[in-house]
Amino acid sequence: MLTTRPRGTEDIIAPEADVWQAVEELARTLSHRYGYEEIRTPLFEHTELYARSVGETSDIVSKEMYTFTDRGGRSLTLRPEGTAGVVRAFLENRLYARPLPVKLYYLGPMFRFARPQAGRLRQFHQFGVELLGAGEAAADAEVISLAMEFYRHLGLEELTLRLNSVGCPACRPAYREVLLAYLEPRQHSLCADCLARYARNPLRVFDCKEEGCRQVLAEAPLVTAYLCPECSAHLAAVRDALRLLAIPYEDDPYLVRGLDYYTKTAFEVIVPGIGAQSAIGGGGRYDGLVEAFGGPHTPAVGFATGLERVLLALGVRGKTLAPPAGRKVFVAAADAAGAAAGVELLARLRRAGFTADRDYLGRSLKAQMKHADRWGATITVILGEAELGRGTVTVRHMQSGEQEAVPFAQVVEALKEHLAR
RNA sequence: GUGGGUGUAGCUCAGUCGGUCAGAGCGCCAGGUUGUGGCCCUGGAGGCCAUGGGUUCAAGUCCCUUCACCCACCCCA
């Protein structure tokens with residue numbers, strides 16, 4: 001156990017770590033471009049926060065939280081998702097007093113205690129945005145637009161955007177009754193899981209893939225048919241806005257997100273080929289959450305995407321992000337005198353912005369050359385008594401194998417020219 | 001929480017009906033070059049064959065336990 005990482009966690013090591021950096025950089029760049037600013041909330045919050053926002057009956061709260069008691073006897077929970085913490089911070093820091101809407105993005109680890117499988121870890125990473133203080137359908141469309149742009153920049157294709165509305169406190173309760181009335185005489189056809197859902201959160205029966213349940217659902221009343229005029233108009237407006245942005249989508253009346261705080265818009269992005277967990281991102285509107293926490297009425301909409309799943313999708317398609325520009329210089333020493341002179345040269349190269357390294361194992365020149373090659377040096381500078389006697393260094397271009405003598409004092413300048421291209 | 005699969009060197013894997021079975025390729029280190037990488041040749045390091053039991057004269061090789069990983073269900077990112 002000493003050398004084994006906890007189940008469902010991963011070490012991210014180069015070269016994969018480079019891909020992570022590229023993806024994260026894209027997330028930040030795009031967010032800023034859309035006017036979002038970063039928010040860094042704690043990795044753990046009071047357990048109560050999640051219980052009251054995500055919902056007691058949700059799977060996340062009922063069986064997936066990493067909850068612990070600290071030494072002060074408080075119940076804390078490692079964040080299972082980002083929205084609750086952002087909303088808490090929005091209120092605690094009185095961000096509602098800032099010019100609305102407040103646009104925030106976050107990037108970091110989330111924790112959920114579930115059995116790991118393809119695309120599912122116990123510690124995973126999300127990039128998400130929250131747009132608080134805007135109730136217009138255009139806001140929903142913007143959030144979706146940012147999400148789709150993120151995927152597009154990464155080169156992900158074959159994505160499907162699924163769209164639905166889950167109603168609001170004005171219409172959902174009534175629909176819930178209608179649905180319950182429909183399901184009640186058909187309980188015998190439902191699977192065990194759905195019977196539990198029927199009792200706790202009937203909307204989620206729509207998630208079921210069991211044949212029996214699907215047959216029952218085929219005739220079931222759909223939430224979209226029972227939306228109040230406001231929700232109905234909102235959904236239509238979101239569709240219009242998406243068409244205006246030329247973002248393709250599919251209406252999915254069966255899409256019901258598992259978190260209690262969603263109202264109106266719910267959406268999900270699906271990608272094929274990454275296993276059973278094909279949703280790489282999702283989000284929706286939560287117009288009542290801020291108010292439920294005692295804040296001012298603040299309609300809001302957000303989105304989050306799982307970075308592990310994004311990387312999976314990238315890998316599946318063999319897409320690779322551009323590697324960092326090669327400016328790697330290795331300083332090799334032919335002898336002790338060269339090694340001494342190389343120390344100073346190495347420092348100069350690094351100060352000039354080069355990625356530069358040398359040998360620290362006292363290895364032969366041959367071994368140093370081999371190491372330089374494996375390391376990916378574009379240029380190796382060779383130093384020895386012969387060069388020092390002439391006041392030069394030998395610059396070897398690793399790809400072509402060509403070498404030239406460059407005056408010791410002008411090495412940095414010469415390499416800048418060589419590697420400028 | 002449930003089900004299925006897997007677990008031999010750093011990596012990918014061979015190991016036949018239990019009896020030289022502890023191996024290969026790649027990688028790593030070194031030598032072949034006296035100051036020079038990529039190809040080639042040679043040599044070397046590295047494994048309580050996941051773990052703990054059991055069966056047997058004898059077990060990576062059969063049986064069971066545990067753990068881990070993978071995949072699927074649940075659910076979601």
Side-chain angles (χ1 to χ4, degrees), chain A residues 1 3-10 13 54 57-64 79-83 108-128 147 191-194 196-197 201 204 206-210 255-259 266 268-271 274-283 302-313 330 332-339 359 361 363-389 393-403:
Chain A
M1 295 301 270
T3 55
T4 307
R5 63 184 186 274
R7 183 165 209 190
T9 63
E10 278 186 342
I13 306 169
V54 177
T57 63
S58 69
D59 279 49
I60 289 179
V61 172
S62 60
K63 60 181 193 185
E64 294 179 354
R79 65 181 188 189
E81 57 99 49
T83 302
M110 303 292 166
F111 308 83
R112 261 125 97 159
F113 188 89
R115 194 83 171 263
Q117 74 182 75
R120 176 195 286 153
L121 293 168
R122 289 182 173 179
Q123 174 174 339
F124 60 104
H125 297 76
Q126 285 190 337
F127 157 50
C191 68
D193 288 329
C194 283
R197 295 185 181 112
N201 195 342
R204 284 203 283 137
F206 284 108
D207 280 337
C208 195
K209 296 166 191 89
E210 290 289 325
L255 174 64
V256 284
R257 314 221 80 228
L259 314 182
E268 209 166 71
V269 182
I270 308 296
V271 66
I274 62 169
Q277 309 306 319
S278 58
I280 56 172
F303 160 81
T305 187
L307 298 184
E308 280 81 2
R309 290 185 188 179
V310 164
L311 296 192
L312 261 184
F330 192 82
D335 46 48
D359 170 63
L361 301 175
R363 291 197 276 209
S364 67
L365 180 59
K366 176 188 172 121
Q368 291 178 57
M369 292 303 294
K370 186 167 183 169
H371 182 77
D373 184 43
R374 296 287 157 81
W375 182 56
T378 46
I379 281 179
T380 297
V381 175
I382 303 169
L383 271 169
E385 281 182 23
E387 284 81 1
L388 293 173
V393 301
T394 297
V395 171
R396 180 180 179 85
H397 299 262
M398 296 302 276
Q399 193 165 6
S400 66
E402 288 170 19
Q403 296 191 171

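Residue numbering restarts at 1 for every chain, and letters A, B, ... go by the order of the sequence lines.
- Proximity of a side-chain donor or acceptor of A:T9 to a complementary backbone N or O of A:R5 within less than 3.5 Å is not detected.
- Within the nucleic acid shown, A:Q403 comes within 4.0 Å of at least one base atom, counting heavy atoms only.
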query = Reading RNA chain B 5' to 3', how would its secondary structure be written in dot-bracket notation, given Watson-Crick and G-U pairs with both distances under 3.5 Å, brackets [ ] for crossing pairs and | for partners on other strands?
reply = (((((((..((((.....[...)))).(((((.......))))).....(.(((..]....))).))))))))....
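- Distances shown here put a side-chain N or O of A:Q117 below 4.0 Å from the OP1 or OP2 atom of B:rC73.
- Atom name C1', nucleotides B:rA45 and B:rG27: the rounded distance is 13 Å, in whole Å.
- For B:rG60, the base is syn relative to its sugar; the glycosidic angle is within 90° of 0.
- Within 4.0 Å (heavy atoms only), A:G8 reaches sugar-phosphate atoms of the nucleic acid but no base atom.
- Among B:rC76, B:rG1, B:rC70, the nucleotide with an atom closest to any side-chain atom of A:R115 is B:rG1.
- A donor-acceptor pair under 3.5 Å is absent between the side-chain atoms of A:R112 and the main chain of A:Q123, judged by distance alone.
- Residue A:T394 has its side chain nearest to B:rU36 when only B:rG37, B:rC73, B:rU36 are considered.
- Taking atom CZ of A:F113 as the reference point, atom P of B:rC74 lies 19 Å away to the nearest angstrom.
- Computed from coordinates, the A:L365 CG to B:rG38 P distance equals 12 Å when rounded to whole Å.
- On the P atoms, B:rU12 is 35 Å away from B:rU55, given to the nearest whole Å.
- For the C1' atoms, the distance linking B:rA68 with B:rA50 amounts to 8 Å, nearest Å.
- Note: A:Q403 CD to A:M398 CE = 9.5 Å, rounded to the nearest 0.5 Å.
- Summary of the strand contacts: A:G275 and A:M369 both lie near RNA chain B, and taking for each the nucleotide with the nearest heavy atom, the more 5' one is attributed to A:M369.
- Base contact: A:I382 has a heavy atom under 4.0 Å from a base atom.
- Using a 4.0 Å heavy-atom cutoff across all strands shown, A:A114 reaches no nucleic acid atom at all.
- Side chains of A:Q368 and A:R363: a donor-acceptor N/O pair is absent below 3.5 angstrom, by distance only.
- Atom CZ of A:R112 and atom C1' of B:rG1 are 17 Å apart (whole Å).
- Base contact: A:L121 has a heavy atom under 4.0 Å from a base atom.
- Between B:rG25 and B:rC41, the two P atoms lie 11 Å apart (nearest whole Å).
- Taking atom C1' in both B:rC21 and B:rG15, the straight-line distance is 6 Å, to the nearest Å.
- Within the structure, the side-chain hydrogen bond (donor to acceptor under 3.5 Å, both in side chains) test picks out the following pairs touching residues 379-389 of chain A (sequence neighbours left out): A:E387-A:T394.
- Nucleic acid contact for A:A372: none, since no nucleic acid atom lies under 4.0 Å from a heavy atom of the residue.
- Going from atom CG of A:L312 over to atom P of B:rC70 covers 11 Å, rounded to whole Å.
- Dashed line: the shortest gap from a side-chain N or O of A:R7 to OP1 or OP2 of B:rC69 is under 4.0 Å.
- With both ends at atom C1', the span from B:rC28 to B:rC73 equals 43 Å, rounded to whole Å.
- Look at CD on A:Q399: it is 17 Å from C1' on B:rU36, rounded to the nearest Å.
- Between the CD1 atom of A:I60 and the C1' atom of B:rC74 there is a distance of 13 Å, given to the nearest Å.
- Taking side-chain N and O atoms only, A:R374 has a distance below 4.0 Å to OP1 or OP2 of B:rC28.
- Across the P atoms, B:rC62 and B:rG7 are found 10 Å apart, a figure rounded to whole Å.
- Counting any heavy atom pair closer than 4.0 Å across all strands shown, A:G128 reaches no nucleic acid atom.
- Side chain of A:Q126 to backbone of A:M110: no donor-acceptor contact under 3.5 angstrom is found.
- Nearest-nucleotide positions on RNA chain B for A:E64 and A:P6 put A:P6 closer to the 5' end.
- With a 4.5 Å cut-off on side-chain heavy atoms, A:Q277 and A:Q117 count as touching.
- Distance check, rounded to the nearest 0.5 Å: CD of A:E402 to NE2 of A:H397 gives 7.0 Å.
- One finds the CD1 atom of A:I60 at 13.5 Å from the CZ atom of A:R79 (value rounded to the nearest 0.5 Å).
- Separation of the P atoms belonging to B:rG37 and B:rA30 is 13 Å when rounded to the nearest angstrom.
- With A:F113 as the aromatic partner, A:R122 meets the cation-pi criteria of under 6.0 angstrom to the ring centre and within 45 degrees of the ring axis.
- Counting any heavy atom pair closer than 4.0 Å across all strands shown, A:A367 reaches sugar-phosphate atoms only and no base atom.
- Ranking B:rU36, B:rC70, B:rC76 by closeness to the A:K366 side chain, first place goes to B:rU36.
- Residue A:D373 contributes atom CG, which lies 7 Å from atom P of B:rG38 at whole-angstrom precision.
- A:K370 has its NZ atom 11 Å from the P atom of B:rC40, to the nearest Å.
- Using a 4.0 Å cut-off, some side-chain N or O of A:R363 falls inside it from OP1 or OP2 of B:rC29.
- Within 4.0 Å (heavy atoms only), A:E387 reaches at least one base atom of the nucleic acid.
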